[in-house]
Amino acid sequence: MSSQLLTLRHVGKIFASGTAALDGLDLQVGEAEFLSLLGPSGCGKSTALRIIAGLMQPSAGLVEWRGGRPADIGFVFQEPTLMPWARVWDNVYLPMRLRGFSRAAAAAQVDATLRLVGLDEFARAYPRELSGGMRMRVSIARALALKPPILLMDEPFAALDEITRLKLNDDLLRLKAELGTTI
Ligand code: ADP
């Protein structure tokens, strides 16, 4: 089996409201693993993802990363959360821009990531010109732009129709095979 990328040890989260969202969660995530958390609404899946992403601190327990510090993370939300005023290319460029890459320095990587999700012909389109499934693929491309070793997804396809969902599931498995990303 693959080596462990990330281990959660007895992670708990109690919100200020008193809600105990997580209680003693143990989880091991292997390199290049595709892992799904399943459970009813409100059982703590998003909370676990946010803690893994470092967006939220646990109230108890530990998150241990291989190498002692968190890996770069890509995060895909249920809604694509694209910038409506910016073209597809610029939406995917955003995380690289925030890291200080010039457009010229980022161009090859943005183009390659758009090709990977099959949207290279739509680089100059605006989000409103795309279908829901295509917008989600832009969102995935944006999350992959910095080539993170781990991609966290919080019910990314929940708002899409069944056929699009099946197609994107296939796309994701192909991306994982091509990039070796842990998802
Ligand atoms: P899931 O993703 O499985 O639907 P969540 O992790 O979103 O579950 O929520 C787990 C529990 O924690 C729920 O009872 C939810 O209402 C509560 N919760 C989530 N976020 C907050 C918050 N910021 N403040 C207070 N309670 C929260």
Side-chain angles (χ1 to χ4, degrees), residues 5-6 29 31-39 41 45-56 65 70-183:
L5 181 64
L6 163 71
V29 184
E31 168 128 50
E33 189 173 355
F34 192 113
L35 181 86
S36 297
L37 298 177
L38 300 179
S41 181
K45 305 179 295 292
S46 298
T47 302
L49 279 182
R50 283 192 206 118
I51 287 172
I52 291 171
L55 298 171
M56 189 183 270
W65 288 90
D72 280 341
I73 282 171
F75 207 120
V76 177
F77 300 91
Q78 185 167 332
E79 298 295 328
T81 62
L82 303 176
M83 304 181 290
W85 61 86
R87 296 179 194 274
V88 164
W89 198 95
D90 290 276
N91 270 283
V92 175
Y93 168 48
L94 177 68
M96 300 193 77
R97 180 155 71 89
L98 295 175
R99 279 284 173 90
F101 287 87
S102 69
R103 296 176 73 84
Q109 175 60 14
V110 172
D111 292 346
T113 311
L114 282 172
R115 258 195 313 279
L116 202 62
V117 300
L119 286 179
D120 35 330
E121 307 210 334
F122 294 87
R124 296 188 52 74
Y126 287 95
R128 65 172 176 276
E129 299 172 308
L130 306 179
S131 69
M134 291 162 85
R135 282 200 284 268
M136 187 46 80
R137 279 194 267 151
V138 177
S139 176
I140 293 170
R142 180 185 54 193
L144 292 173
L146 287 165
K147 297 195 190 167
I150 181 163
L151 184 62
L152 301 176
M153 311 185 93
D154 194 354
E155 300 194 60
F157 307 152
L160 300 171
D161 63 85
E162 183 68 15
I163 292 172
T164 306
R165 200 156 45 218
L166 290 173
K167 168 90 178 65
L168 284 172
N169 281 341
D170 288 344
D171 286 355
L172 256 194
L173 291 174
R174 182 179 52 77
L175 284 177
K176 181 181 143 7
E178 278 181 37
L179 301 174
T181 313
T182 306
I183 302 181

Report task. Kindly check if the number of other-residue, nucleotide or ligand heavy atoms within 6.0 Å of CZ (Arg174) is above 12? Result -> yes

Contacts table for residues 114-130: side-chain donor-acceptor under 3.5 angstrom, sequence neighbours left out:
from	atom 1	to	atom 2	distance (Å)
Tyr126	OH	Arg87	NH2	3.4
Glu129	OE1	Tyr126	N	2.6

Here the gap from Glu155 atom CD to Ser41 atom OG, rounded to the nearest 0.5 Å, amounts to 7.5 Å

In short, Ala32 meets Gly180 closest at the heavy-atom pair CB-O, 3.6 Å

In this structure, CZ of Arg137 is separated from CG of Leu168 (nearest 0.5 Å) by 6.5 Å

Closest heavy-atom pair, Pro80 versus Arg135, reported as atoms and distance to 0.1 Å, is CB-O, 3.7 Å

May I ask you to decide if Ala145's main-chain N or O and Gln109's side chain share a donor-acceptor pair within less than 3.5 Å?
yes

A quick test of your reading: do over 12 heavy atoms of other residues, nucleotides or ligands sit less than 6.0 Å from CD1 of Ile163? no

Between the CD1 atom in Ile183 and the CD atom in Glu33, the distance rounded to the nearest 0.5 Å is 11.5 Å

Taking every heavy atom of Ile73 against every heavy atom of Ala53, the minimum-distance pair comes out as CD1-CA, 3.6 Å

One should read off an interatomic distance between Leu172 CG and Phe34 CZ, to the nearest 0.5 angstrom, of 5.0 Å

Quiz item: Where the side chain of Arg50 meets the backbone of Leu55, is there a donor-acceptor pair that is under 3.5 Å apart?
Solution: no

Tested for side chain to side chain contact (heavy atoms under 4.5 Å, CB included) against Phe75, the lone hit among Leu152, Ile52, Thr81 is Leu152

d(Asp90 CG, Arg103 CZ) to nearest 0.5 Å is 4.5 Å

The single option from Thr113, Val110, Leu98 that satisfies side chain to side chain contact (heavy atoms under 4.5 Å, CB included) with Tyr93 is Val110

Between Ile51 and Met56, does the side-chain contact (heavy atoms from CB on, under 4.5 Å) criterion hold? Intermediate values first, please. CA-CA 5 Å; Ile51 287 172; Met56 189 183 270; 4.2 Å; yes

Exercise for review: Give the intermediate values and the outcome of side-chain contact (heavy atoms from CB on, under 4.5 Å) for residues Met136 and Val76.
Suggested key: CA-CA 9 Å; Met136 187 46 80; Val76 177; 3.8 Å; yes

In Leu175, Leu151, Ile150, the residue satisfying side chain to side chain contact (heavy atoms under 4.5 Å, CB included) with Thr181 is Leu151

>> Donor-acceptor check, side chain of Lys45 to backbone of Leu38, threshold 3.5 angstrom: yes or no?
In response: no

For Leu37 and Ala48 the tightest heavy-atom approach is CD1-CB, 4.2 Å

Interatomic distance, CG@Leu49 vs CZ@Phe77, rounded to 0.5 Å, equals 9.5 Å

